[in-house]
Amino acid sequence: ICLCFLLSLQAQESLWLPFTDQGTWTIVDQDSLSSGTKSWTLLHPGEKRDDYSECITIQQTGKALNLSVDQVINRTVQNTRQEFQRGKITMIEKRIGIDVRAEWGIFSIESPAEKKGGNSQSILFFIMMGQEHTYIIKRKTLNPKLSGSEKKEWKILFKAAVLQSQPME
């Protein structure tokens with residue numbers, strides 16, 4: 001079973017991710033902003049936004065002209081740092097400057113609880129620069145640290161992502 005995120009009905013580009021071993025997911029929220037940014041939140045069936053084992057957020061933004069994947073990663077880290085000031089950032093892998101595939105980066109932020117009684121969180125990020133859009137996928141858990149096997153499993157999934165272009169009719 002593969003899940004294809006056709007992230008815009010008007011776009012000529014879609015992001016395909018082969019969610020085969022990651023369980024079943026339910027879209028619990030989707031939003032379209034006037035800026036053209038679209039987002040989807042996915043949880044396992046029966047879980048809630050405030051009580052989950054893992055949460056996936058997918059954002060599709062308009063292509064940021066003249067920004068590299070490194071610049072988008074840096075902006076994402078800066079924005080996330082506001083919420084997770086004590087978080088440990090780890091760059092896992094990135095692909096840049098390759099013409100045949102889109103540029104992408106995978107990194108994580110692992111954070112203990114920021115305040116007493118707060119939740120620990122770990123977020124694994126995948127950012128892909130398409131021709132029409134920038135895609136940001138966050139996989140969040142309420143654990144302070146990601147295991148090596150989790151990082152490996154999701155890295156394999158993210159690296160299998162494919163941008164597909166649809167011919168205009």
Side-chain angles (χ1 to χ4, degrees), residues 5-8 11-19 22 29-42 49 52 54-115 118-165:
F5 288 103
L6 183 57
L7 297 178
S8 175
Q12 301 303 313
E13 179 179 89
S14 62
L15 177 64
W16 180 83
L17 284 170
F19 277 83
Q22 284 68 32
D29 192 19
Q30 54 188 55
D31 195 16
S32 293
L33 303 175
S34 59
S35 65
T37 297
K38 296 180 180 175
S39 67
W40 295 262
T41 302
L42 292 82
R49 288 189 64 87
Y52 58 84
E54 56 187 336
C55 174
I56 304 280
T57 304
I58 302 168
Q59 274 188 326
Q60 170 200 296
T61 64
K63 178 74 172 173
L65 297 176
N66 301 319
L67 287 182
S68 69
V69 72
D70 284 328
Q71 290 169 314
V72 175
I73 288 170
N74 289 337
R75 285 183 180 189
T76 303
V77 167
Q78 288 172 358
N79 292 338
T80 306
R81 270 273 186 229
Q82 295 172 6
E83 186 177 351
F84 304 106
Q85 296 172 5
R86 296 180 10 206
K88 176 187 172 197
I89 299 165
T90 304
M91 178 54 68
I92 297 171
E93 188 170 339
K94 66 182 168 181
R95 171 172 270 173
I96 59 173
I98 309 265
D99 292 333
V100 294
R101 287 193 62 179
E103 292 187 339
W104 53 260
I106 303 169
F107 66 99
S108 65
I109 296 180
E110 298 168 310
S111 181
E114 291 290 328
K115 55 188 172 192
N119 288 329
S120 302
Q121 294 187 39
S122 294
I123 306 172
L124 193 59
F125 288 86
F126 174 66
I127 296 175
M128 180 175 263
M129 307 294 286
Q131 294 297 313
E132 296 179 25
H133 303 286
T134 298
Y135 302 92
I136 301 172
I137 301 174
K138 299 187 285 189
R139 184 235 180 209
K140 187 189 312 185
T141 68
L142 299 178
N143 299 320
K145 191 165 175 56
L146 295 166
S147 71
S149 62
E150 281 179 291
K151 288 180 184 178
K152 182 179 179 183
E153 173 186 348
W154 285 87
K155 178 179 146 180
I156 290 168
L157 169 75
F158 291 148
K159 287 176 69 172
V162 175
L163 286 174
Q164 296 180 334
S165 295

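As the structure is a prediction and not an experimental result, all values here were calculated from the model. When reading the values below, keep in mind they use all heavy atoms of this one structure, side chains included, and skip hydrogens, waters and symmetry mates.
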Minimum heavy-atom separation for K38 and S32, please, with both atom names.
CG-OG, 3.7 Å
Nearest 0.5 Å please: distance from the CD atom of E54 over to the NZ atom of K140.
12.5 Å
Give, for atom CD1 of I137 and atom CG of L15, the distance between the pair rounded to the nearest 0.5 Å.
5.0 Å
salt_bridge(K151, E110) N-O dist < 4.0 Å:
yes
Indicate the atoms forming the closest heavy-atom contact of G130 with L163, along with that distance.
CA-CD1, 3.4 Å
Grab the two heavy atoms, one from T41 and one from C55, that are nearest each other, plus how far apart they are.
CG2-SG, 3.6 Å
Determine the interplanar angle of the F126 and W104 rings, folded into 0 to 90°, and report it as parallel if under 30°, tilted if 30 to 60°, perpendicular if over 60°.
tilted
For a quick test of reading the model, state the closest non-hydrogen atom pair linking L142 to Q121 and the distance between them.
CD2-CG, 3.9 Å
Compare all side-chain heavy atoms of K94 with those of F107 and state whether any distance is below 4.5 angstrom.
no
When rounded to the nearest 0.5 angstrom, what distance separates OG in S111 from NZ in K88?
12.5 Å
Among L42, T57, I58, L146, whose side-chain contact (heavy atoms from CB on, under 4.5 Å) with R139 holds?
L146
Ring geometry between H133 and Y135 (parallel below 30°, tilted from 30 to 60°, perpendicular above 60°)
perpendicular
Identify, with sequence neighbours excluded, every residue that meets ring pair (Phe, Tyr, Trp, His ring centres under 6.0 Å) alongside Y52.
none
Could you pull out the closest heavy-atom pair between L17 and L157, with the gap in Å?
CD2-O, 4.0 Å
Taking E150's backbone N and O only, do any of them form a donor-acceptor pair with E153's side chain (distance below 3.5 Å, no angle check)?
no
Test item: I92 and F158 side chains (from C-beta on) under 4.5 Å apart, heavy atoms:
no
Checking S122 side chain against P144 main chain: does a donor-acceptor pair fall under 3.5 Å?
yes
Result of checking I106, T80, I73 against F125 for side-chain contact (heavy atoms from CB on, under 4.5 Å)
T80
For the pair R75 and L67, evaluate side-chain contact (heavy atoms from CB on, under 4.5 Å) and give the outcome as yes or no after the intermediate values.
CA-CA 10 Å; R75 285 183 180 189; L67 287 182; 3.5 Å; yes
Could I get the full list of side chain to side chain donor-acceptor pair (under 3.5 Å) partners for E93, not counting sequence neighbours?
K155, K159
Between CG on residue D70 and CD1 on residue I96, distance to nearest 0.5 Å
5.0 Å
T37 meets the side-chain contact (heavy atoms from CB on, under 4.5 Å) criterion, sequence neighbours left out, with L33, S35, Q59, T61
